[in-house]
> 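Structure in structure tokens, see below.
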Amino acid sequence: MYKRQVLSKVAGMKPRDLAGLLAARLETLDVVKTVEIAGPGFINLRLDENFWFEQVSIILNAGKSYGDSDMGQGEKVNVEFVSANPTGPLTVGHARGAVIGDALASLLTKVGYDVCREYYINDAGNQVNVLANSAYLRYCEALGEDIGEIPEGLYPGEYLKAVGQALADRDGKKWLGKPEADWLSDVRQFAIDQMMNLIRDDLAAFGVVMDLYSSERALVAAGGVDEVMSVLEAKDLVYTGVLEPPKGKKLEDWEERPQTLFKSKEFGDDVDRPIKKSDGSWTYFAGDMAYHLDKYRRGYNNMINVWGADHGGYIKRMQAAVSAVTDKEGSLDVKICQLVNLMRDGELVKMSKRSGNFITLRSVIDEVGKDVVRFIMLTRKNDASLDFDLVKVLEQSKDNPVFYVQYAHARNCSVLKHAKDEFPSLDLSIETLKGLDLSALNSEGELSLIKALCAWPRLLESAGEAHEPHRIAFYLYDLASELHSLYHKGKLNTRLRFIVRDDQELTQVRMALVKATKIVIASGLEMFGIEPAEEMR
RNA sequence: GCACCCGUAGCUCAAUUGGAUAGAGCACUUGACUACGAAUCAAGAGGUUUCAGGUUCGAGUCCUGACGGGUGCACCA
């Protein structure tokens with residue numbers, strides 16, 4: 001039963017009258033079995049069962065491409081995500097953004113967009129100088145110097161030892177005892193490259209492959225910021241002014257000072273935003289404007305950024321900047337990822353970045369596997385916080401959605417295998433199954449499962465339009481539930497089992513449904529970058 | 001003080017973008033294993049969608065105002 005409400009003030013008719021008119025037309029269609037008008041003008045259609053049987057053949061025929069859509073019409077979309085500072089390995093904090101961005105990119109590809117996965121390397125700010133200094137210390141250490149405690153303000157992480165060693169291997173004692181000005185640039189680039197290799201490896205282990213890594217430093221060096229400044233100046237959107245101090249928040253070192261400002265208020269922001277620091281250098285925001293202009297000029301009118309919750313206050317100014325530099329042609333959607341609370345059996349795992357005591361993404365992947373991490377990260381809306389319990393995610397029970405969905409897929413595989421054992425001569429090839437008369441799939445549970453399968457293409461489109469990949473996770477859970485439910489109908493009534501011992505023909509028809517279900521679950525999981533389980537252990 | 005996000009069953013969360021009687025899981029009660037994997041399934045109970053107004057045929061969803069929670073708030077990125 002499909003429901004569709006038709007609103008029409010345009011027609012100048014009462015909804016019920018209009019519904020009557022439409023109903024009369026709809027009734028003439030072959031696939032429509034019954035039409036009812038309900039309530040204030042709802043039209044309820046009941047489709048002929050043959051329509052549903054045909055859908056199973058359609059799914060089998062389409063295979064993994066079932067649900068592909070041309071909604072995006074090949075339009076280019078840029079999804080920028082992770083973009084972690086190149087100062088250390090990825091942490092669990094980065095995992096959520098990584099999965100949301102990656103799954104969203106896959107989803108948009110599925111519904112017909114031309115998607116670019118992009119990582120913005122923040123390699124121009126002060127923190128990479130801190131990185132360089134930290135790495136330099138480790139370099140000295142590698143050459144036998146006693147460096148003592150890592151000073152406050154530098155990165156204490158052990159992972160930098162390897163960088164120091166690698167630098168020593170490459171350059172020998174070249175930089176030892178030299179002033180910072182001599183080595184900063186070289187050491188910095190070396191350390192950034194090392195860190196990016198580390199991050200790339202972490203992402204690869206997590207199943208994320210970027211199409212493009214963009215360097216802030218390279219962009220600035222190529223004149224990107226000068227370019228965006230001249231664009232803004234041409235539009236008269238830059239001026240020198242004095243900002244008021246924020247109220248209610250005490251800033252001890254506040255001083256009134258003229259600054260170079262961007263008129264972001266004209267584009268919906270709360271205040272105008274500085275684009276130069278007091279020392280005359282560009283702010284991060286200036287670089288970011290240049291970067292978004294660059295993306296736009298590469299053809300990405302549609303930009304999606306995946307950010308952590310702590311950057312929420314940055315959205316308005318970035319959207320204002322995009323509007324300004326693209327003459328409102330470009331659009332920017334920012335997906336904010338709320339915090340992930342890492343737990344172990346109900347207890348919060350404490351982390352502190354200061355002491356270098358953070359949990360790396362790699363260690364979590366090693367402990368529970370990437371598939372589990374990826375799925376759980378998508379079981380909440382991106383803007384809701386999420387508990388990730390290292391113990392519970394491995395439980396094999398229906399409390400654990402990863403298991404529940406994987407189990408449904410494994411169960412399909414198992415049933416198919418058993419069918420083959422039962423009827424060695426049974427032909428289960430797609431070519432044969434899709435040509436069968438499937439009208440025996442007419443029990444309530446079977447029709448219910450078929451309808452759930454048929455919701456897949458539409459679900460993809462609406463999830464893609466809303467930029468909400470988590471909906472796929474909920475759908476897969478529901479679909480798994482349909483399958484488990486149908487399976488258990490066979491417990492009560494042997495005739496309803498997938499495999500009917502004395503009826504090879506019926507079994508074969510049911511295998512068509514099992515295979516169709518397997519296809520949809522598998523393609524959903526694969527969209528999440530998760531390998532469908534053939535069996536559970 | 002300002003901005004953004006959130007507030008839905010005892011708990012954790014959904015809700016097809018404004019549609020019909022607001023849905024799942026956990027926990028609770030009850031039932032189903034000699035047979036395709038019971039790691040599951042079925043049934044029951046559980047609600048003034050934080051509160052108060054407003055918009056309209058119709059609001060969990062939109063607008064206003066409270067209340068409660070989170071995040072951020074020159075010259076960091």
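We name chains A, B, ... by the order of the sequence lines, and we start the count at 1 in each one.
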> Does any part of the side chain of A/D387, heavy atoms only, come nearer than 4.5 Å to the side chain of A/L348, both counted from C-beta?
no
> Would you kindly check if the NZ (Lys) or CZ (Arg) of A/K277 is within the cone defined by 45 degrees around the ring axis of A/W282 and under 6.0 Å from the six-membered ring centre?
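Relative to the ring axis of A/W282, which defines the angle, A/K277 lies outside at least one limit.
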> How is A/Y314 classified with respect to the nucleic acid when contacts are heavy atoms under 4.0 Å: base, sugar-phosphate, or nothing?
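Answer is base: heavy atoms of A/Y314 come under 4.0 Å of a base.
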> For B/rC41, does either OP1 or OP2 sit under 4.0 Å from a side-chain N or O belonging to A/Y404?
yes
> Tell me whether A/R344 is salt-bridged to A/D389, with the criterion being a basic N under 4.0 Å from an acidic carboxylate O.
no
> Looking at A/S485, does any N or O in its side chain come under 4.0 Å of the phosphate oxygens OP1/OP2 on B/rA42?
yes
> Nearest to the side chain of A/A384, which nucleotide is it out of B/rA14, B/rA74, B/rA77?
B/rA14
> Can you tell me, in whole Å, how much space there is between the C1' of B/rG47 and that of B/rG23?
12 Å
> Is B/rC28 paired to anything, Watson-Crick or G-U wobble with both distances less than 3.5 Å, and if yes, which nucleotide?
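B/rC28 is paired with B/rG44.
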> Give me the distance, rounded to whole Å, that separates B/rC2 from B/rU64 when you measure between the P atoms they each carry.
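Taking atom P in both B/rC2 and B/rU64, they lie 14 Å apart.
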> Between A/D383 (CG) and B/rU71 (C1'), how many Å, whole number?
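Computing the A/D383:CG to B/rU71:C1' distance gives 12 Å.
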> Below 4.0 angstrom from OP1 or OP2 of B/rA77, is there any side-chain N or O of A/K277?
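Checking A/K277 against B/rA77: at least one side-chain N or O falls below 4.0 Å of OP1 or OP2.
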> If you check every side-chain atom of A/N44, which of B/rC75, B/rA20, B/rC36 has the closest atom?
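The answer is B/rA20, which lies nearest to the side chain.
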> Please report the distance, rounded to the nearest Å, between OH in A/Y291 and P in B/rA77.
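These atoms are roughly 17 Å apart.
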> Using side-chain heavy atoms (C-beta onward) and a distance below 4.5 Å, is A/V373 in contact with A/V92?
no
> Base, sugar-phosphate, or nothing: which does A/K417 touch, judged by heavy atoms less than 4.0 Å apart?
nothing
> Find the partner of B/rG60: check Watson-Crick (N1-N3 plus N6-O4 or O6-N4) and G-U wobble (N1-O2, O6-N3) distances, both under 3.5 Å, and reply none if neither fits.
none
> Over all strands shown, is A/G312 touching base, sugar-phosphate only, or nothing at heavy-atom distances under 4.0 angstrom?
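Since no nucleic acid heavy atom lies under 4.0 Å of A/G312, the category is nothing.
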> Base of B/rU40, side chain of A/H488 - is there a donor-acceptor contact under 3.5 Å?
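Looking at the base of B/rU40, it does pair with a donor or acceptor on the side chain of A/H488 (distance under 3.5 Å).
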> So which one's nearest nucleotide on RNA chain B is more toward 5', A/R411 or A/S481?
A/R411
> For a quick check of understanding: with a heavy-atom distance under 4.0 Å over all strands, which category does A/R257 fall into, base, sugar-phosphate or nothing?
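Contact class for A/R257: base.
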> If you check the A/V415 side chain, which of B/rC73, B/rC36, B/rU40 turns out closest?
B/rC36
> With a 4.5 Å heavy-atom cut-off, do A/L525 and A/E531 have their side chains touching?
no
> Are the side chains of A/V415 and A/M511 in contact, using a 4.5 Å heavy-atom criterion?
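Yes, side chains in contact.
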> Rounded to the nearest Å, what distance is computed from the NZ atom of residue A/K265 to the P atom of nucleotide B/rA74?
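Whole-Å distance recorded here is 16 Å.
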> Indicate whether OP1 or OP2 belonging to B/rA38 is found under 4.0 Å from a side-chain N or O atom of A/K491.
yes
> For A/Q319 and B/rA3, give me the distance from atom CD to atom P, rounded to whole Å.
17 Å
> Under a 3.5 Å limit for both distances, which nucleotide forms a Watson-Crick or G-U wobble pair with B/rA15, could you say?
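When the pairing criteria are applied, nothing turns out to pair with B/rA15, so the answer is none.
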> Using the closest heavy atom to pick a nucleotide of RNA chain B for each, name whichever of A/E256 or A/R317 lands nearer the 5' end.
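Its nearest nucleotide being more 5', the pick is A/E256.
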> Within the 4.0 Å heavy-atom criterion, would you say A/E244 contacts the bases, only the backbone, or no part of the nucleic acid?
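Touches nothing.
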> For the pair made of OH in A/Y475 and P in B/rA15, what is the distance, rounded to whole Å?
16 Å
> To the nearest Å, give me how far apart CG (A/D310) and C1' (B/rC4) are.
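These atoms are roughly 13 Å apart.
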> Could you work out which one of B/rA14, B/rA32, B/rA3 sits closest to the side chain of A/H470?
B/rA14
> Under the 3.5 Å rule, do the base of B/rA35 and the side chain of A/T494 count as making a donor-acceptor pair?
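Answer is yes: a donor-acceptor pair is held.
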> Before we go on, tell me: are the rings of A/Y407 and A/H484 under 6.0 Å apart, centre to centre?
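Distance test on ring centres: under 6.0 Å, yes.
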> At under 4.0 Å between heavy atoms, what does A/K316 touch on the DNA or RNA strands: base, sugar-phosphate, or nothing?
sugar-phosphate
> NA contact type, A/D253, heavy-atom cut-off 4.0 Å: base, sugar-phosphate, or nothing?
base
> Both distances under 3.5 Å, Watson-Crick or G-U wobble: report the partner of B/rA9, or none.
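For B/rA9, the partner nucleotide comes out as none, under the 3.5 Å rule.
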> C1' atom, B/rU50 versus B/rA3: distance in rounded Å?
22 Å
> So what does A/F474 hit on the nucleic acid, given a heavy-atom distance under 4.0 Å: a base, only sugar-phosphate, or nothing?
sugar-phosphate
> Planes under 30° and centres closer than 5.5 Å, is that true for A/Y487 with the base of B/rC36?
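Yes.
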> With sequence neighbours left out, write down each residue that passes side chain to side chain donor-acceptor pair (under 3.5 Å) with A/E535, or none if nothing qualifies.
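Side chain to side chain donor-acceptor pair (under 3.5 Å) list for A/E535, sorted by chain: A/R537.
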> Nearest of B/rC41, B/rC36, B/rA15 to any side-chain atom of A/I499?
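Between B/rC41, B/rC36, B/rA15, the one nearest the side chain of A/I499 would be B/rC36.
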> A/H311 near the nucleic acid: base, sugar-phosphate alone, or nothing, with a heavy-atom cut-off under 4.0 Å?
base
> May I ask you to say what A/E535 touches in the nucleic acid, namely base, sugar-phosphate or nothing, with a heavy-atom cut-off under 4.0 Å?
base
> Over how many whole Å does the gap from A/Q259 atom CD to B/rC76 atom P extend?
10 Å
> Which nucleotide in the set B/rA74, B/rA14, B/rA24 lies at the smallest distance from any side-chain heavy atom of A/K381?
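Nearest listed nucleotide: B/rA14.
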> Choosing from B/rA3, B/rC73, B/rU40, which nucleotide comes nearest the side chain of A/H484?
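Of the candidates, B/rU40 comes closest.
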> Could you check which nucleotide pairs with B/rU49 in any of the strands shown, counting Watson-Crick or G-U wobble with both distances under 3.5 Å?
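Partner of B/rU49: none found under 3.5 Å.
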> Taking atom P of B/rU40 as reference, at what distance in whole Å does atom CG of A/L483 sit?
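Result: 13 Å.
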> Side-chain N or O of A/K420 versus OP1/OP2 of B/rC36: is the shortest distance under 4.0 Å?
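So the side-chain polar atoms of A/K420 never come under 4.0 Å of the phosphate oxygens OP1 or OP2 of B/rC36.
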> Can I get a per-line list of side-chain donor-acceptor pairs under 3.5 Å for residues 302-311 of chain A, giving both atom names and the distance, sequence neighbours left out?
residue	atom	partner	partner atom	Å
A/N302	ND2	A/E75	OE2	2.7
A/N302	ND2	A/K76	O	3.3
A/N305	OD1	A/K295	NZ	3.3
A/N305	ND2	A/H292	NE2	2.9

> What's A/R273 touching, base or sugar-phosphate or nothing? Going by heavy atoms closer than 4.0 Å.
nothing
> So what's B/rC73 paired with, Watson-Crick or G-U wobble, going by both distances under 3.5 Å?
B/rG1
